[in-house]
Structures are given as C-alpha cells and as structure tokens.
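Data block below; observations after.
Numbers restart at 1 for each chain; the letters A, B, ... are given by sequence-line order, proteins then strands.
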There are 2 protein chains.
Amino acid sequence: MAVTTAGRGRRRAAAQGAGATLGDRVDALERQGYRATPQRRAVLAAVLGAGRVNVSAEEVCGRARALCPTVNLATTYRTLDLLKRLGIVRRVIYGDGRGVFCANPDPHYHGTCLQCGTVVDLPRGRIADVLEREQRGLTDQAFAVVGHRVEFYGYCDACRSAGRTGSIL
Amino acid sequence: MAVTTAGRGRRRAAAQGAGATLGDRVDALERQGYRATPQRRAVLAAVLGAGRVNVSAEEVCGRARALCPTVNLATTYRTLDLLKRLGIVRRVIYGDGRGVFCANPDPHYHGTCLQCGTVVDLPRGRIADVLEREQRGLTDQAFAVVGHRVEFYGYCDACRSAGRTGSIL
DNA sequence: GGGGCCGATGAGAGTCATTCTCAACGCATT
DNA sequence: AATGCGTTGAGAATGACTCTCATCGGCCCC
Ligand SMILES: [Zn+2]
Ligand SMILES: [Zn+2]
Ligand SMILES: [Zn+2]
Ligand SMILES: [Zn+2]
C-alpha cells in the first residue's frame with residue numbers, strides 16, 4: 001500500500017461510517033483545516049490497515065514508517081490524538097493500563113486476551129439498550145451516570161491453539 | 001482510628017463478604033502465612049476507610065501514614081498487590097490509564113467522573129446475567145470470551161454542583 | 001541472651017508509555 | 001528573498017509503577 005497525495009475532492013462524501021476509505025479520512029482532515037502531511041497519511045493508513053486487532057502507538061509508528069520512513073513516535077501520538085478528536089479513531093485502555101487504537105467506525109465491543117494482551121474487535125450484540133436503561137436507574141444524588149463502557153476478556157485464537165491460559169490481570 | 005496488634009484470633013471467622021471488618025482481613029492475611037505488620041495494617045485500614053470513593057495508591061499511602069508514619073509508597077504498592085491477590089481489594093483502571101483501589105466486597109459497578117476522574121462505587125443492577133448470556137454468543141473462532149467488565153461514566157456530586165461538565169477523555 | 005534465619009521494609013534507581021520543549025522544516029503568501 | 005505558521009524530529013521530562021539491595025525486626029534454636 002502506498003500513501004499518495006492524490007484524490008483530494010474527487011471522491012463521494014462518505015466521511016463517516018462503515019464504507020469510509022483512507023481518502024475520506026484525508027478529506028475530513030483537510031476539511032477541518034488540518035494539513036494532510038505524508039506523516040499523517042501514513043499514520044492514518046497504518047491504523048486503518050490494522051484490521052480487527054487493535055494496535056499500540058508503537059505498532060502504528062512501525063507500520064507507518066513502512067509508508068513514510070521519517071514518521072516519529074511523537075508525531076504518531078500527536079496524529080492519533082488528532083484523529084481521536086476528529087472521531088476517526090478510538091483509544092481503548094485494557095486491563096494493565098496500556099492504550100491501543102481502533103479505527104473501526106461501526107459500533108462494536110472490545111475483547112482483551114488474558115494471556116497476551118491483544119485487543120480485538122467483537123461484534124455488537126443487544127446489550128447496549130439494556131445498559132442504557134440500567135444507567136438511568138444508577139444515577140443518584142452522589143453521581144450522575146451519562147454513559148458506559150463494556151470490555152470483554154478471554155483468549156485469542158493464537159493463545160487458545162497454543163494451549164496458553166494464563167492471565168495478565 | 002488507631003492500628004494495633006491486638007485481636008488476633010478472637011474474632012468470629014467472617015473472612016469474606018459485606019460484614020467483614022479490618023480485623024477479619026488481618027486474620028485472613030495471617031491465615032495465609034503473611035505477617036500483619038503495622039505497615040500492612042495501616043494500608044489495609046486506609047483502603048477500607050476510603051468508603052464509596054476509590055483511591056489511588058498515593059492516596060492510600062498518605063492515609064496510611066497517618067496511622068503508621070513509616071509507610072512507604074513501594075510498600076503501599078506491594079501491600080495493595082498482596083491484598084489484590086488475596087481478593088481483599090480490586091484494582092480499577094479508568095479511562096486515562098490510572099489505577100485506583102476498591103475494597104468494597106459486594107458485587108458492584110464503578111462510575112468515573114468525566115471532569116475530575118474520581119471513581120465511585122455504584123450499586124449493581126440486573127445487567128450481569130444479560131451480559132453473561134451475551135458473552136457466550138460473542139465467542140467465535142478468533143476469540144473465546146470468558147468474562148467482562150463494565151464501567152459507567154458521568155459526573156460526581158462535587159463537579160455537578162460546581163457546574164463543571166468537561167471531559168478528561 | 002547471642003546468633004542466624006527469613007520475610008518485610010525504605011530509599012532510590014530503573015522502566016515504560018506518554019507528553020512536553022524547542023529548534024528546524026515545508027510551504028504558502030508577500 | 002523575507003515572513004509567517006502549522007508541523008515535525010529528537011530528546012528531555014513526566015508520572016505511575018516496579019525492581020534492587022542493604023537493612024530491619026521478630027522468631028527459633030542453642
Ligand atoms: Zn475496536
Ligand atoms: Zn492471546
Ligand atoms: Zn468498587
Ligand atoms: Zn468530579
């Protein structure tokens with residue numbers, strides 16, 4: 001995959017949602033007044049290309065360097081933070097406090113492997129509305145609940161087939 | 001509150017659950033072969049005395065020092081980790097990756113204040129079994145789900161009455 | 001009632017992810 | 001060419017947490 005500067009403004013305006021492409025995110029970036037530098041394109045491509053498995057900032061930086069060798073870890077953090085503010089990526093914290101990044105625009109959950117710490121996307125079921133109903137009842141005079149977050153844990157394919165069932169928690 | 005060395009072995013054996021006291025935890029500690037040193041008693045008292053609001057290791061250390069001035073931050077971490085292994089405290093990670101400790105033995109949820117980061121205990125509703133049913137359906141060939149964690153977020157009393165509604169996330 | 005044993009401790013150094021600082025750079029505008 | 005400004009790389013700084021190691025304090029045995 002190569003990162004080019006082509007394509008500005010000649011794509012349909014599918015900025016958000018499941019069908020959004022790399023170019024759409026570049027457009028979104030520029031529409032908000034940010035420059036789509038080679039570094040930012042590379043970070044964007046790296047995090048979008050990670051697929052179902054979520055990636056740490058360091059991994060994103062490594063993948064981005066394959067597309068633009070000058071990408072620096074500080075720039076990676078800066079860009080990921082920018083993308084987070086624009087709603088393009090999510091930052092997920094798992095059990096031991098490390099952060100990973102997810103560019104999946106569809107509503108979904110996250111599952112953390114108890115053995116190796118890998119964080120994968122899981123399809124969304126029908127929990128959300130139950131949780132939303134519940135969270136209204138949780139509000140009392142000491143705390144007003146406005147949202148929630150669910151995290152599942154278990155074992156990834158690699159760890160399961162290797163018979164590893166330890167726990168990092 | 002003072003931390004004494006008295007009471008070993010002359011309390012009823014209510015080691016776990018809602019009615020457990022400081023002394024019960026001391027017993028549990030010694031029954032497993034660990035010494036109930038003044039430092040450990042102080043850390044235990046500090047984390048038990050925190051109430052509904054969960055506390056960071058540094059806060060625990062500060063509170064513990066009021067009971068035993070020699071308590072060190074390293075000892076606080078060591079003791080909290082020991083208490084976690086014994087099931088006496090829980091470590092909760094909130095949105096920005098910081099850890100807080102909770103000694104509430106009853107099943108309950110945690111709510112994080114989006115403004116100040118305070119983590120409070122919230123009563124458990126009837127979500128748990130819905131989630132457990134759901135998590136079975138989430139298991140596929142790429143990930144085996146074995147558990148889950150829910151975290152609510154909102155605004156604590158202090159921030160609400162001060163009209164602060166920012167977000168640390 | 002002194003000596004060894006061993007778990008526990010304090011102080012400080014080390015680690016690791018993340019953030020900050022600052023001089024240099026790219027690129028557009030004059 | 002000179003100016004301006006958003007962006008960048010390198011490295012220092014931060015902050016939560018962990019590790020190392022010399023020392024401490026009971027405890028058992030003689
Ligand atoms: Zn995701
Ligand atoms: Zn795994
Ligand atoms: Zn709690
Ligand atoms: Zn608050």
Side-chain angles (χ1 to χ4, degrees), chain A residues 3 5 8 26 29-44 46-47 54-62 64-65 67-86 89 91-101 117 119 168-169, chain B residues 3-6 8 26 29-44 46-47 54-62 64-65 67-86 89 91-101 117 119 168-169:
Chain A
V3 176
T5 54
R8 179 182 334 184
V26 171
L29 206 58
E30 297 188 319
R31 226 178 304 117
Q32 318 257 341
Y34 299 99
R35 287 193 208 154
T37 64
Q39 290 88 344
R40 284 181 176 161
R41 287 169 191 271
V43 168
L44 199 37
V47 73
N54 298 183
V55 280
S56 69
E58 198 137 11
E59 286 162 3
V60 171
C61 184
R65 278 200 176 117
L67 309 171
C68 172
T70 72
V71 175
N72 181 277
L73 188 54
T75 299
T76 303
Y77 274 108
R78 280 189 289 239
T79 303
L80 288 171
D81 190 61
L82 173 61
L83 296 176
K84 193 180 72 183
R85 292 198 312 272
L86 297 182
V89 304
R91 186 162 180 260
V92 183
I93 306 278
Y94 70 75
D96 69 349
R98 243 172 289 245
V100 290
F101 294 87
V119 178
I168 57 176
L169 297 184
Chain B
V3 177
T4 72
T5 52
R8 179 183 331 186
V26 171
L29 207 57
E30 297 188 319
R31 228 178 303 115
Q32 318 256 340
Y34 298 99
R35 289 193 207 154
T37 64
Q39 289 88 345
R40 284 181 176 162
R41 287 167 191 271
V43 168
L44 199 37
V47 72
N54 298 182
V55 280
S56 69
E58 199 138 9
E59 286 163 3
V60 171
C61 185
R65 280 204 175 113
L67 308 171
C68 172
T70 72
V71 176
N72 182 277
L73 187 54
T75 299
T76 304
Y77 274 109
R78 279 189 289 239
T79 304
L80 287 170
D81 190 60
L82 173 61
L83 296 176
K84 192 181 71 183
R85 290 198 314 270
L86 297 182
V89 305
R91 186 160 180 260
V92 183
I93 306 277
Y94 70 74
D96 69 348
R98 243 172 289 246
V100 289
F101 295 88
V119 178
I168 57 176
L169 297 185

With a 4.0 Å limit, can you tell me whether [X] has a side-chain N or O closer than that to the phosphate oxygens OP1/OP2 of [N]?
X	N	answer
A:R91	C:dT18	yes
B:S56	D:dA16	no
B:R40	C:dA8	yes
B:Y77	D:dT18	no
B:N72	C:dA11	yes
B:T37	C:dT9	yes
A:T75	D:dG9	yes

Have a look at A:R98 and say if it touches a base, only the backbone sugar-phosphate, or nothing, with a 4.0 Å heavy-atom cut-off. sugar-phosphate

Across the strands shown, which category fits B:G99 at heavy-atom distances under 4.0 angstrom: base, sugar-phosphate, nothing? sugar-phosphate

What's the [atom1]-[atom2] distance between [X] and [N], to the nearest Å?
X	N	atom1	atom2	result
A:L83	D:dT7	CG	P	12 Å
A:L80	D:dT8	CG	P	12 Å
B:L73	C:dG10	CG	P	11 Å
B:Q39	D:dC24	CD	P	14 Å
A:L82	C:dT19	CG	P	14 Å
B:Q32	C:dA8	CD	P	13 Å
B:E58	D:dA16	CD	C1'	9 Å
B:R85	D:dT18	CZ	P	11 Å

Scanning both residues in full, the closest heavy-atom pair of A:L80 with A:V89 reads O-CG2, 3.7 Å

B:L29/B:L83 under side-chain contact (heavy atoms from CB on, under 4.5 Å): CA gap, chis, key distance, verdict: CA-CA 8 Å; B:L29 207 57; B:L83 296 176; 4.3 Å; yes

Does any donor-acceptor pair link the side chain of A:R78 with the base of D:dG9 at a separation under 3.5 Å? yes

Starting at the 5' end of DNA chain D, which residue's closest nucleotide do you reach first, B:F101 or B:R35? B:F101

Any salt bridge linking B:R78 with B:D81? Criterion: basic side-chain nitrogen under 4.0 Å from a carboxylate oxygen. no

Once you round to the nearest 0.5 Å, how far does CD of A:Q39 lie from OG1 of A:T70? 4.0 Å

Taking the side chain from A:R40 and the backbone from A:T79, do they hold a donor-acceptor pair closer than 3.5 Å? no

Report the residue (B:Y34 or B:R65) whose heavy-atom-nearest nucleotide on DNA chain C is the more 5′ of the two. B:Y34

